[in-house]
Number of protein chains: 2
Amino acid sequence: MQYTISDLAAQFDISTRTIRYYEEKGLLTPERDAQGQRLYHRKDRARLQLILRGKRFGFSLEEIEEMITLFDEDRSGKKQLEVTVAYGEEKIQALNERIEDMEALRNEMQELHKDFQKRLQALED
Amino acid sequence: MQYTISDLAAQFDISTRTIRYYEEKGLLTPERDAQGQRLYHRKDRARLQLILRGKRFGFSLEEIEEMITLFDEDRSGKKQLEVTVAYGEEKIQALNERIEDMEALRNEMQELHKDFQKRLQALED
DNA sequence: AATTGACTTTACGTTAACGTCAACGTAAAG
DNA sequence: CTTTACGTTGACGTTAACGTAAAGTCAATT
């Protein structure tokens, strides 16, 4: 399964410029066909999806790059593996905190929402 | 309990410029003392906290403004209440989707992390 | 053969979210 | 009374993350 740049743009509802920009920044490295056109495969698509997901949580492209290259390179040496594992744990922990934080926000909003619903009920009686 | 601008800046580890910027954009409206200095109270502090929380999830200041004014104004009329309640439900739903999305990201990272741990274990035997 | 459509690169433009600097006011401390 | 610390309002600077326009390539269609 392979995609052209506008295929991906359509799928994710972003501009081709955006995709090329991610490549400029080193976040994507698609193949090229005989005419020099970009060819994206399953793996490139997954990467793009990760990028967009990260963006939705307020991570900068720089942070996202860190996160995806973290588990992407050949880290065969033991030392390298140790660093990767330790750093990965940090990142996952940070993610967990963020999730909790977001749940707190949702709960706050739900409380407020309940209040408003009550007031509406009172009016409807 | 009241705070000066640098009190808040220190508490949240942001610059005073940032706080003034949020005021420029209408997100904060602190009192002024006799000398024209900004005075922040409990409610202002809570608002700032909400703003910063929203930022961490990649919401723009414009979106954040929407969310905080949503439950902030005097919406006494039934029509107003209905609109607020309906809109609030939408926002909460969006938040929930975002939380799920974030959990998906965390799970992906955890899977990768496990792989690396296994490879490390294999080396250590 | 000419047009259409999708792609390419290069380069300048734009906006949000601040940083930074200048010039000034005020109040407390030494 | 001067210094120090903290506040104020402009106003210009900066950076990330794209938008947009120009000029060209290539393959398929008319």
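Numbers restart at 1 for each chain; the letters A, B, ... are given by sequence-line order, proteins then strands. All values derive from a computational prediction rather than experimental measurement.
- Listed by first residue number, the stems of DNA chain C with at least three Watson-Crick or G-U pairs below 3.5 Å are C:1-30 with D:1-30.
- OP1 and OP2 of D:dC6 both lie 4.0 Å or more from every side-chain N or O belonging to B:Thr4.
- Take A:Arg47 and apply the side-chain contact (heavy atoms from CB on, under 4.5 Å) test, not counting sequence neighbours, and it matches A:Leu28, A:Ile68, A:Asp72.
- By the side chain to side chain donor-acceptor pair (under 3.5 Å) test, A:Arg98 is found to be paired with no residue, residues two or more places apart in sequence or in another chain being considered.
- For B:Arg38 and D:dG7, the shortest distance from a side-chain N or O to OP1 or OP2 is not below 4.0 Å.
- Residues that satisfy the side chain to side chain donor-acceptor pair (under 3.5 Å) test with A:Glu100, not counting sequence neighbours, are absent from this structure.
- Here D:dG7 presents its C1' atom at 14 Å from CG of B:Leu8, a figure rounded to the nearest Å.
- Checked against side chain to side chain donor-acceptor pair (under 3.5 Å), B:Glu66 has the following partners two or more places apart in sequence or in another chain: B:Tyr87.
- For DNA chain C, the neighbouring residues in residues 28-36 of chain A, judged by any heavy atom under 4.0 Å, are A:Arg32, A:Gly36.
- Sequence neighbours left out, the pairs with a member in residues 17-29 of chain A that pass salt bridge (Lys or Arg N to Asp or Glu O under 4.0 Å) are A:Arg17-A:Glu24, A:Glu23-A:Arg32, A:Glu23-A:Arg38.
- When the salt bridge (charged side-chain N to carboxylate O under 4.0 Å, His left out) test is applied to A:Glu124, no partner is found at least two apart in sequence or on another chain.
- Pairs engaging residues 51-61 of chain B under the salt bridge (Lys or Arg N to Asp or Glu O under 4.0 Å) rule: A:Asp101-B:Arg53, A:Asp101-B:Arg56, A:Glu108-B:Arg53 [sequence neighbours left out].
- Looking at residues two or more places apart in sequence or on another chain, you find no side chain to side chain donor-acceptor pair (under 3.5 Å) involving A:Arg42.
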Taking protein heavy atoms under 4.0 Å as touching, what does nucleotides 14-23 of chain D look like 5' to 3' if B marks base contact, S marks sugar-phosphate-only contact and - marks none? ---BBBB---

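- Legend: residues meeting salt bridge (charged side-chain N to carboxylate O under 4.0 Å, His left out) with B:Lys114, ordered by chain and number and at least two apart, are B:Glu111.
- To the nearest 0.5 angstrom, B:Lys91 atom NZ is 13.0 Å from B:Thr84 atom OG1.
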